[in-house]
Amino acid sequence: MGKTVAEKILADHLVEGEMKQGEEIALRIDQTLTQDATGTMAYLEFEAIGIPRVKTELSVCYVDHNLVQSDFKNADDHRFLQSIARKFGLYFSPPGNGISHQVHLERFGVPGKTLLGSDSHTPTGGGLGMLAIGAGGLDVAMAMAGKPFYLIMPEIYGIKLSGKLPPWVSARDVLLEVLRRLSVKGGVGYIMEYFGPGVAELSVTDRATITNFGAELGATTSVFPSDENTRQFLASQGREEQWRELVADDDASYDQVMELDLSSLEPLIACPSSPDNVVKVSEVAGKPVTQVLVGSCTNSSIRDLTVVAKTLEKHEISKDVSFEINPGSRQVLENITARGDLLTLIHAGARVHQAGCLGCIGMGQAPSTDGISLRTFPRNFPGRSGTAGDKVYLCSPEVAVASAIRGVITDPRELGEYPEFTMPDNVLPGDARIEKPWPEDSRIEIIRGPNIAPFPDFEPLPETWQGRVMLKVADNITTDHIMPAGAKILPLRSNIPAISEFVFNQIDHNFPLQMKEAVLEGYFGLIVGGENYGQGSSREHAALAPRYLGVQVKLVKSFARIHKANLINFGIVPLTFADPEDYDRIEQGRDVVIPGLRTTLLDGGASVQVEVDGQQFTALIDLSRRHRAILAAGGLLNWARNA
Ligand code: MIC
Ligand code: SF4
């Protein structure tokens with residue numbers, strides 16, 4: 001039987017297991033990427049593994065998140081990462097050079113390769129025909145050490161595209177429509193693969209917008225074929241020799257298929273505060289906006305900023321709107337400058353920032369109280385912008401610029417003629433600041449600032465587990481809820497004791513104190529949760545910091561993929577309710593005993609009895625043998641040391 005693109009790449013990289021849905025498989029990883037907010041911890045872990053050089057074909061260390069230097073902490077981390085890259089043989093992309101995913105697409109991505117990144121939007125590389133997967137920092141550290149990446153074989157969800165996008169409708173609207181149909185948990189357990197005649201109508205940057213934003217479906221990754229458009233994109237980057245054709249066989253079959261006619265789409269928008277809260281722009285048109293931000297790894301390519309600039313040639317920005325541009329990369333900035341579009345943007349009143357994540361992760365750009373903020377970003381989780389009670393909408397650059405012009409949410413089709421954009425045959429590479437790997441030299445020193453704390457040690461799992469329900473939360477809890485980001489907390493990413501003071505900060509700011517008191521009384525923590533627990537960011541701090549506080553078990557209705565893997569890596573046992581209605585029967589504050597948890601795990605038991613104040617509940621254990629051994633050891637590093 002024929003293969004899909006995803007199956008071809010998986011088969012080429014399979015080192016263990018069988019490609020049967022639900023089985024654990026191990027993949028060889030060709031390339032890795034890290035960014036600074038997850039990277040510092042990933043390299044501390046890499047150092048703990050004790051390998052002198054990275055063993056991948058190519059690994060890149062990016063600095064793009066923690067750009068605001070309000071004291072020494074972020075600046076120290078930047079220096080630490082540069083010295084790490086020099087020491088261990090990585091490329092280094094410094095602050096201001098751009099967002100990891102955008103730069104990687106431009107300068108490093110290669111069709112048919114595997115890429116593992118310590119960031120949930122790593123699937124951006126799927127736009128080039130890569131199998132690009134987001135993971136926790138420790139998994140990326142293991143891949144840099146030459147170890148395979150383990151995952152449960154996903155099913156393949158085929159999205160058959162036909163037709164052509166109408167004027168003022170763009171790639172963002174494609175995925176907003178998919179999110180509207182499937183929700184933020186609709187992609188869990190799947191690789192989304194795009195095929196059909198509509199694929200040829202989308203450029204690589206359009207495709208990258210779709211695979212990037214596809215992270216919000218909870219999917220393992222998303223992938224497009226590598227075709228003539230891919231060849232042209234790589235040629236424009238001066239990398240044509242890295243192109244290879246990669247398309248699904250004619251008789252390939254998909255586990256699910258969705259049909260999507262691009263011609264039938266219209267401008268869409270995700271309302272506060274979830275990326276799947278999607279409506280037609282016309283349904284919310286007329287609401288006043290105070291801030292419009294164009295940027296992020298989803299929508300800040302040369303195409304995106306050119307379309308915005310060309311629209312502004314004929315219009316002005318409303319005086320009631322702060323209109324801001326966060327370029328995706330230095331390459332984008334250099335090219336829009338060379339082509340004159342930057343002048344149009346500045347002239348129209350845009351606030352133009354350095355290339356990076358910026359307000360997307362709450363590094364500045366917080367909106368005003370009650371002010372509607374329109375963003376071309378991938379996430380609008382509550383409070384992520386830095387303003388409590390924020391009203392963040394997600395939309396295309398077209399909707400963003402139209403709304404910035406009118407000062408109210410606006411359907412861009414009202415603006416008349418759609419500006420033409422054709423990708424130039426050659427772009428300025430904009431990569432002069434990217435440092436190539438240094439030759440091995442034992443004299444290279446790693447520069448550590450005082451905020452970098454050593455990696456904490458964790459105990460193995462006890463035979464009988466004793467604890468307390470420390471918190472009960474609802475469905476779709478994000479890792480932003482568990483471990484918030486923002487300009488104040490992000491600089492603590494290399495200091496687990498310090499950052500743990502902010503665990504569950506938005507839900508209950510007393511949580512860390514209560515955990516400490518419980519541990520002193522001899523109780524560890526259990527968290528009860530609903531569906532899709534831990535969706536969103538890949539930050540392993542959402543597992544590591546709670547574990548540091550004494551959280552050792554999570555009992556939920558279902559988990560998001562990356563978070564579940566991170567829990568296992570740091571020795572937190574992920575359990576699910578056998579009967580989801582038991583969720584309603586367990587109250588916060590109750591004492592819990594799980595007799596024989598360790599032996600049950602090691603013996604391969606499929607379930608365990610959880611006693612809450614004397615009442616028995618059955619919890620399911622959906623874990624591989626390897627996972628079970630890691631949990632018993634108290635985490636992946638302990639396990640790897642003993643192996
Ligand atoms: C995000 O968009 O949430 C982030 C910030 O890029 C994260 C990584 C992090 O928390 O450092 C992600 O997407 O994984
Ligand atoms: Fe950066 Fe936002 Fe992309 Fe995350 S989603 S990598 S914070 S731009």
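We count ligands from 1, going down the list as the structure has it; atoms in each ligand are counted the same way. Just so you know, these numbers use all the heavy atoms, side chains as well, and skip hydrogens, waters and symmetry mates.
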Quick one: side chains of residues 269-276, donor-acceptor pairs under 3.5 Å with protein atoms, not counting sequence neighbours, listed by atom name and distance.
{"residue": "Ser274", "atom": "OG", "partner": "Asp276", "partner atom": "OD1", "Å": "2.7"}
{"residue": "Asp276", "atom": "OD2", "partner": "Val184", "partner atom": "N", "Å": "2.9"}

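- Excluding waters, the set of protein N, O or S atoms lying under 2.8 Å from atom 3 (Fe) of ligand 2 comprises Cys297 SG.
- Between the side chains of Ser322 and Arg351, at least one donor-acceptor pair of N or O atoms lies under 3.5 Å.
- Ranking protein heavy atoms by distance to atom 4 (Fe) of ligand 2, first place goes to His65 NE2, 3.8 Å.
- Among protein residues, Gln35, Ala37, Thr38, His65, Asp119, Ser120, His121, Ile361, Arg379, Arg384, Arg493, Ser537, Ser538, Arg539 come within 4.0 Å of ligand 1, judged on heavy atoms.
- Between the side chains of Asp64 and His101, not a single donor N or O lies within less than 3.5 Å of an accepting N or O.
- Scored by the side-chain contact (heavy atoms from CB on, under 4.5 Å) test, Ser329 finds Gln102, Val103, Glu106, Gln331, Val332 as partners (sequence neighbours excluded).
- For the residue pair Asn212/Thr209, the side-chain donor-acceptor check at 3.5 Å is not satisfied.
- For Arg433 and Asn97, the side-chain atoms include no donor-acceptor pair closer than 3.5 Å.
- Judged by a 6.0 Å distance limit and a 45° cone about the ring axis, Arg547 is positioned over the six-membered ring of Phe458.
- Using a 3.5 Å distance cut-off with no hydrogens or angles, the side chains of Gln35 and Ser100 do not pair a donor with an acceptor.
- Checking Ser222 against Thr211 by side-chain atom types alone, no donor-acceptor pair falls below 3.5 Å.
- Residues Ser558 and Glu531 bring a donor and an acceptor atom of their side chains to less than 3.5 Å of each other.
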